[in-house]
Amino acid sequence: MAALIGAAALVVTAAPAQAAAPRQAPGTEVIPGTGTETPALVSGIREAADGTGSAADAARGHLAGKESRYKIADPRRDLAPAQSVRSGADETVRLQQKHRGVDVLGGQYVVRMEHRGGKRTVTGTSGKYFTGLKVGTQATVSKETAVQRAVTATARQLGGAKLDKGDIAPGKGVRTASAKALTGTSHGLVVLPKGAGLLAHHVTVRGTDPATGEPVQREVYVDAKAGFPLLQYSSIKTFGTPPAKTVAAPKAAGARGSGAKGRAAAADDFPGTTGSGVKYDGNAVPLQLYKDASRNEYTMNDYSRMWGSSKNLISTWDARGVDVSEASGKWPAGIKEFGSPTPAFGKDATEAGAVDAHWAAGKVYDYYKKVHGRDSLDGRGGTINSLVGVTWYGQPYINAFWDGTKMVYGQGDDEYKTLSADLDVVGHEMTHGVVENSANLVYAGQSGALNEGIADYFGNAIDVDATGMAMDDPDSGLLGEDLCRTQTPRQCAIRDLNDGHTTSKNFLGVGFGTDNGGVHLNSTIFSGALWDIREDLGRTLADTIVYKALTSYMTPLDGFTEGRDAVLAAAKDLKVSAKDLNVVKRSFNAHGIVPGWENALGVDSDQLFGKLNTGGTGVGAGGGWWTTSKSNDDGSEPYSVYAGRTDGTGHPKLISPNDGRFHLYPATDGKTVVWVAYGTTSLDILSRPLAGGPIKKLYTSTTDVSGVRVEGGLVTFESMDPFGSRHVGYLKSGDREPTWVDGGKYQLSTALPSLHGAKVAYAKLYPEAGTYKLGTEVLDVKTGKTTLMKQLGEPEGIGQTGVNGSGVYWLVDEVPADQGQMAVRRANPDGTGAADISKETGPDALFPYDLTVSEEAVTVEAALPDTEYRNESLPKLWQFSLDGKAKNRVSCNRGEQSLPAAAGGKQVVWIDGTTGYTDLVTRSRPAGLCG
């Protein structure tokens, strides 16, 4: 599911031949859908609809009456009402696609109508209805198994790259911290719209990231037939760097969560009052307050703005001292609205960021109400809650997020003010609420970049207008520029909508494990085009066009091209002039958002196997052969294992059976391929000779298996049980059960194996003298002798190991409380001579994730120390000589490079995301320094 272009990387990336469209009336525009017979957009029509019933019934009646156009056989059965919004005479109806009664992820179709004098006229439609779905809807994997595998998959993604001292449960032995800190909640079945469809369990995994301490909320989709995690991404919507995360709705807000009911003495007596405060910038501003008799204080509860509609509040809460993990997924216990004995809030409220947050929330509400007629973020007068001053393990938390019900703002530090101190940050986070309650753009891949881009656009528009800044001011596109205490606005800004980013020069193809597939990395490509439109067309017209595109045209899986189509269609719907319409087209063209833009991306590597449509499933190499997992072109089939020659000659051959299971984590020594097959209740380790022959089952496991390696009949792997305990095992030819290098003992943990000849290297966490220690150990399977490598310090974490004929190599973290840098270390086979070929400290220190070795070189997947999301901070491949004296980049490709496998000499094969797909590529020599 990791194709990274098209509709948010979740739907097909190559469209089948389109059916001939029926003839349309003059002026009608029909844009075909991708991978479906249903049009992506129809505009310029005026067709009568039922004006007497509900808007949803009229919308479905229209679709039913135009089957030749829409190819929807039974809209009343397969499209469920999701949302109906009326603005004046305009009605917008959103319909959720069902397949045999099961929701289709991102399957949403929109019908736009005018309703005047009791009559309705359909003016256009848009969205995604997937006509090719045929998958059955009976799960063979239980809900409980799906939850377990979703939690394990998240734990691996969070903590699988290292074995840490944090993986200790005091008094109970070793348990991986990332697993014990997570819980999963099942939301039932959903159909992923890939090809004929994939039936999956939707599981939300929540908890705390053991490495960063930040909250976790990941949406994981586990195949309901084979139990493999097909897709996972974070649903936390943050402002930017440094990264922060968020989760679900408050559970204990009481009357505050449902509005003013019970607070006022009489429903008709307005209970509010006007006070004042001073913002961080020194300006005094009015604040709408409430005199709380029970507290004998004036509290930051604004009744005034929604008193005429829902009577709900805008409230600002004192969350100073609340850890960010307690503000995510639950409502923190004991917090109160900011209060003051007088209506004039003092210095404490200013420094806390409360004045800025409360004032700004009102400003954002006013913008949407006055400019777009929208009553609150949900459009129905919903409560607006802001939590201000959260911390991170008692330290400053420099970020902000929207969690579906509230805004959360981090506490400031010596350089950064609290995150509520810039209006564009508040506008950004509140706009996430607007997006969620309209197009609900999936927060991953391109649709996630649109989500971020639209939040940036409106957040910045509100800020620029409030400050009176000219649109042609060079700093008008800056976001977060007012957050710093000492730096200039341009130095401080987190993003710039005038950065000029284009698809051809700046699009970064990454997997969902990195920035959710590039939601921040690629957002200014789209928001930059929108900002250009605002600069050229003016504030009011541009904002109206973009808002209409968001609320009346866009649907959850829209990517860049669909976003362009939506904005153009909205402009036409608003009857802009031909000249202004050309401005809109020109702005998207200037940022490279045009049909087929993906074809303009280039690479310096040689493709071995294209469009894998898989991610994180492993790459193996050895003996002149490579092996990897691949799905079909649209990602709708289970993963299969293929193998081919590393010199690119010949054709890849299918190794695994087509049995409906997911086959992944393959390894090869040039003679045999070994891999893992996911089943409904267990996992099998399978093998097959490259020369052909039967598939052999080596071992069946009921726990998660990864890290498979093979050489000369010896197979090694890592197992993680549901409690997070990790153990390295090996199988010799003829073994029915594995031998565990640590004896499978709970008080020990071993992980991240590598293999050379009969020697297995691995990371080890073990008790010694009343404490736990970490080290790298080598087992000689022939003799049974183990050798613990000498250390240069006291490790906090050990990363991937590697072993060749001349030494042992591993990643090691010895500096407490650094940002995640690790050294690349080697030692002699007898454990002596430990030395770093890449230091953990200093300007050249790396953030490594993986390591692979040949007899000539050490290749490391790593990112540079960088506080900014950009190409240079993405995982790249660095190759070192065995003594560390030579260091080069394997490839200068733009985008993510992952899962390297040494293929002999200096050649490496890896999965590359530059083109927007996951491609298996290679280079036989390093590319240089890529300066």
Asker: Kindly write out the residues that satisfy ring pair (Phe, Tyr, Trp, His ring centres under 6.0 Å) with Tyr553, not counting sequence neighbours, or none if the list is empty.
Answerer: none
Asker: Test side-chain contact (heavy atoms from CB on, under 4.5 Å) on Val93 and Ser84 and set out the steps.
Answerer: CA-CA 4 Å; Val93 177; Ser84 295; 3.8 Å; yes
Asker: Classify the ring geometry between Phe588 and Phe526 as parallel (under 30°), tilted (30 to 60°) or perpendicular (over 60°).
Answerer: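 Correct class here is tilted.
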Asker: Suppose we screen for ring pair (Phe, Tyr, Trp, His ring centres under 6.0 Å). Which residues come up paired with Trp359, at least two apart in sequence or across chains?
Answerer: none
Asker: Can you check whether Phe130's main-chain N or O pairs, donor with acceptor, with Gln97's side chain at less than 3.5 Å?
Answerer: yes
Asker: In chain order, what residues pass the ring pair (Phe, Tyr, Trp, His ring centres under 6.0 Å) check against Tyr547, with sequence neighbours excluded?
Answerer: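 Scan of Tyr547 (ring pair (Phe, Tyr, Trp, His ring centres under 6.0 Å), adjacent residues dropped) gives His372.
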Asker: I'd like to check Leu133 versus Val191 (side-chain heavy atoms, cut-off strictly below 4.5 Å). Are they in contact?
Answerer: yes
Asker: Taking Asp515 for its side chain and His520 for its backbone only, find out whether a donor-acceptor pair lies under 3.5 Å.
Answerer: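 The answer is yes, because a donor-acceptor pair under 3.5 Å joins these two groups.
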Asker: I'd like to know if the side chain of Asn516 and the backbone of Tyr443 have a donor-acceptor N/O pair within less than 3.5 Å.
Answerer: yes
Asker: Looking at residues at least two apart in the chain, or sitting in another chain, which of them share a side chain to side chain contact (heavy atoms under 4.5 Å, CB included) with Ala449?
Answerer: Asn522, Phe560
Asker: Counting C-beta onward and ignoring hydrogens, is there a side-chain heavy-atom pair between Tyr233 and Leu231 closer than 4.5 Å?
Answerer: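 A side-chain contact exists here, since the closest heavy-atom pair is under 4.5 Å.
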Asker: Taking side chain as C-beta onward, heavy atoms only, is Tyr368 less than 4.5 Å from Met430?
Answerer: no
Asker: The criterion is ring pair (Phe, Tyr, Trp, His ring centres under 6.0 Å); which residues satisfy it with His62, sequence neighbours excluded?
Answerer: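 Tyr70.
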Asker: Under the rule for salt bridge (Lys or Arg N to Asp or Glu O under 4.0 Å), what residues qualify as partners of Asp366, not counting sequence neighbours?
Answerer: Arg305
Asker: Keeping Ser447 on the side-chain end and Val442 on the backbone end, is there a donor-acceptor pair under 3.5 Å?
Answerer: yes
Asker: Taking atom types as modelled and ignoring hydrogens, do the side chains of Ser552 and Thr92 form a donor-acceptor contact shorter than 3.5 angstrom?
Answerer: yes
Asker: I would like to know whether Ser43 and Arg112 meet side-chain hydrogen bond (donor to acceptor under 3.5 Å, both in side chains); could you show each step before the answer?
Answerer: CA-CA 9 Å; Ser43 61; Arg112 292 173 291 279; over 6 Å; no
Asker: So, the side chain of Thr131 versus the backbone of Glu37: is there a donor-acceptor pair under 3.5 Å, distance only?
Answerer: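 Indeed, once roles are kept as given, a pair shorter than 3.5 Å links the two residues.
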Asker: Without swapping roles, check the side chain of Arg86 against the backbone of His115 for a donor-acceptor pair under 3.5 Å.
Answerer: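 Present.
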Asker: Counting only N and O atoms by type, is there a donor-acceptor contact under 3.5 Å from the side chain of Thr555 to the main-chain atoms of Gly127?
Answerer: no
Asker: Check the side chains of Ser527 and Asp456 for a donor-acceptor pair under 3.5 angstrom, ignoring hydrogens and angles.
Answerer: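 Note: Asp456 and Ser527 side chains miss the donor-acceptor criterion.
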Asker: Report yes if the side chains of Tyr109 and Arg60 come closer than 4.5 Å at any heavy-atom pair, otherwise no.
Answerer: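 Side chain of Tyr109 against side chain of Arg60, heavy atoms only: no contact under 4.5 Å found.
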Asker: Between Tyr367 and Phe458, how do the two ring planes meet: parallel, tilted or perpendicular, split at 30° and 60°?
Answerer: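 Rings of Tyr367 and Phe458: tilted, as their planes differ by 30° to 60°.
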Asker: Has Asp919 got a side-chain atom pairing as donor or acceptor with Lys611's backbone, closer than 3.5 angstrom?
Answerer: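 Checking the backbone N and O of Lys611 against the side chain of Asp919, a donor-acceptor pair under 3.5 Å is found.
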Asker: Are there over 12 heavy-atom neighbours, none belonging to Lys363, within less than 6.0 Å of that residue's NZ?
Answerer: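 Counting other residues, nucleotides and ligands, NZ of Lys363 stays at 12 neighbours or fewer.
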Asker: Start with the C-alpha distance between Asp57 and Asp50, add both sets of side-chain angles, then the distance that settles side-chain contact (heavy atoms from CB on, under 4.5 Å), and finish with yes or no.
Answerer: CA-CA 8 Å; Asp57 285 343; Asp50 182 6; 5.8 Å; no
